[in-house]
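Note: hydrogens, waters and symmetry copies are ignored here, and every other heavy atom, side chains too, is used. Everything quoted here is computed from the prediction, not taken from an experiment.
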2 protein chains.
Amino acid sequence: MTLTEENYLKAIFHLSTEKQDVSVLDLANSLEIKMPTVNSMVKKLAAKGLLIYEKYRPLSLTESGRLEAGVIIRKHRLVEMFLVEKMGFQWDEVHEIAEQIEHIDSSVFFDRINELLNHPKFDPHGSPIPDPEGRIASTEYLKLNDGQIGKEYIFTSVAISQSSFLKQINKHGLRLGDKLKIIEILSFDKSIVVSINGQSTENLSGMVAGNILVSE
Amino acid sequence: MTLTEENYLKAIFHLSTEKQDVSVLDLANSLEIKMPTVNSMVKKLAAKGLLIYEKYRPLSLTESGRLEAGVIIRKHRLVEMFLVEKMGFQWDEVHEIAEQIEHIDSSVFFDRINELLNHPKFDPHGSPIPDPEGRIASTEYLKLNDGQIGKEYIFTSVAISQSSFLKQINKHGLRLGDKLKIIEILSFDKSIVVSINGQSTENLSGMVAGNILVSE
DNA sequence: CTTTTTTGTTAGATAAATCTAACAAATTAA
DNA sequence: TTAATTTGTTAGATTTATCTAACAAAAAAG
Ligand SMILES: [Mn+2]
Ligand SMILES: [Mn+2]
Ligand SMILES: [Mn+2]
Ligand SMILES: [Mn+2]
């Protein structure tokens, strides 16, 4: 597989977890590539048996396509974990580097990272690391802004990797594993007031809360 | 610069250290790319001011081309050192991985490797690591088979990175820093008998000795 | 139910990096 | 010093991944 094909598969995979129907336009927007280019690339991926393509129908990965995507996501997340745990990077610095290193073709390299990290199950953003075959554990995370007032949740993962978002999470004093209790949802802008580990309280914008993933 | 351009520059750089005149054919052989392709690529690199090209004349890098090559070689060698020192790889396993990682575009990544290794000056094969601007220290290494009988040398570096060669060096029980005394040069096949640190003796073929670099 | 807007497709062009075939210059051998 | 060989160049084709322009289908709005 080429780097380009790997990026298409990964993008389709990620879009599928956000919305059940993935369109050519979604893919084009997510990859910042024009629709006709995407249209011809998905035909090519379909010819390789990695996705199902029928004119004017939503795209979907085949089992094989999902596993191929999973293998790349595994490499990405292992690298992110290595950068944080073994090389001293912050969680907001690693995504861009991992976007490149995930395409390195060397099983010994990623196997060694996996061993040095003691076979981690999650990356620094709380996302699950697929197994070596590309199978990914399904997670039952809830967006914080879908939570109920008065209930306490555990901050388990983040939905996006944008550095500016992760830095803002830092600013709010939030860390994975924190207990977040929803105190109040402000009617004016839908921002959410949470207590953090029963100690401080913070006001999180809807945009921030929508990318905070929690479990019960 | 594209990955392809980086590989051309690096190849020209390395060929220049082996022979003063680098031809289009040399480059084509070294990159395993056909001559007409190389011919048009060198014109392109010349247009970018990275090398001097005149029809039917040997190729040579400009100062700028040399520095660009040096920067890539720096990344390659830093990575090799990191793989050996921090990730537990053997010196015969790292070259192929470094060939890929050297193209990663992230100064923080390579800066961090450099810091974690305490600004190393040499890679695991004894090759000097260029400075961040791409300037490379000139080395005065001698090929072992150009040495004199009875003289003792220090095994300082290897001329090639092929895994099979490095494994054979291991088999001979040789390690960088060993003292090698040339006991005898066998007239039949030009193989060389050396004593290693005054302890054991080994017979090294001309092919092996030609890739062992020593200093006095 | 039309009309408008959005989404998707086709056709054809372009740039990068490669190739083969043909030919020309330079070098080496006879 | 001519002929043969090696090396280098030109011309033109191919593949991959991209684009724009034009058109067509589907979905949304009126
Ligand atoms: Mn990431
Ligand atoms: Mn991540
Ligand atoms: Mn190397
Ligand atoms: Mn090396």
> When the distance from NE2 of A/His103 to P of D/dA17 is rounded to whole Å, what number comes out?
Replying inline: 13 Å
> How long is the line joining CG of A/Asn7 and P of D/dA17, in whole Å?
Replying inline: 11 Å
> Between B/His76 and B/His95, does the ring centroid distance fall short of 6.0 Å?
Replying inline: yes
>> Whole angstroms only, please: what is the CG-C1' distance between A/Leu15 and C/dT7?
In response: 16 Å
> A/Glu32 has an atom CD; how far is it from atom P of D/dC19, in whole Å?
Replying inline: 10 Å
> Between B/Tyr8 and C/dT18, does any side-chain N or O lie under 4.0 Å from OP1 or OP2?
Replying inline: yes
> Does the side chain of B/Phe110 reach to within under 4.5 Å of the side chain of B/Ile104, using non-hydrogen atoms?
Replying inline: yes
> With respect to the phosphate group of D/dA17, does any side-chain polar atom (N or O) of A/Thr37 fall under 4.0 Å of OP1 or OP2?
Replying inline: no
> What salt bridge (Lys or Arg N to Asp or Glu O under 4.0 Å) pairs are there with at least one residue in residues 24-37 of chain B, not counting sequence neighbours?
Replying inline: B/Lys19-B/Asp26
>> Below 30° counts as parallel, above 60° as perpendicular, anything between as tilted: where do the rings of B/Trp91 and B/Phe155 land?
In response: perpendicular
>> Nearest whole Å is fine: how far is D/dT16 P from B/Leu3 CG?
In response: 17 Å
> How long is the line joining CE of B/Met41 and P of C/dT18, in whole Å?
Replying inline: 6 Å
>> Applying a 4.0 Å non-hydrogen cut-off, can you work out what A/Ser40 is touching in the nucleic acid: base, sugar-phosphate, or nothing?
In response: base
>> Between B/Thr4 and C/dA16, is there a contact of a side-chain N or O with OP1 or OP2 at under 4.0 Å?
In response: no
>> In whole Å, I'd like the distance from the CG atom of B/Leu27 to the P atom of C/dA17.
In response: 15 Å
>> Please encode protein proximity along nucleotides 1-9 of chain D as a string of B, S and -, counting only heavy-atom distances under 4.0 Å.
In response: ------SBB
> Atom NZ of A/Lys34 to atom P of D/dT20: distance rounded to whole Å?
Replying inline: 5 Å
>> Quick one: does any side-chain atom of A/Ser106 pair with a main-chain N or O of B/Ile97 as donor and acceptor, under 3.5 Å?
In response: no
> Would you say B/Lys143 and B/Ile212 make side-chain contact, with heavy atoms under 4.5 Å?
Replying inline: no
> Given the rule in the side chain to side chain donor-acceptor pair (under 3.5 Å) test, do B/Ser215 and B/Thr156 qualify, once you have shown the distances and angles that lead to the verdict?
Replying inline: CA-CA 6 Å; B/Ser215 49; B/Thr156 310; 2.6 Å; yes
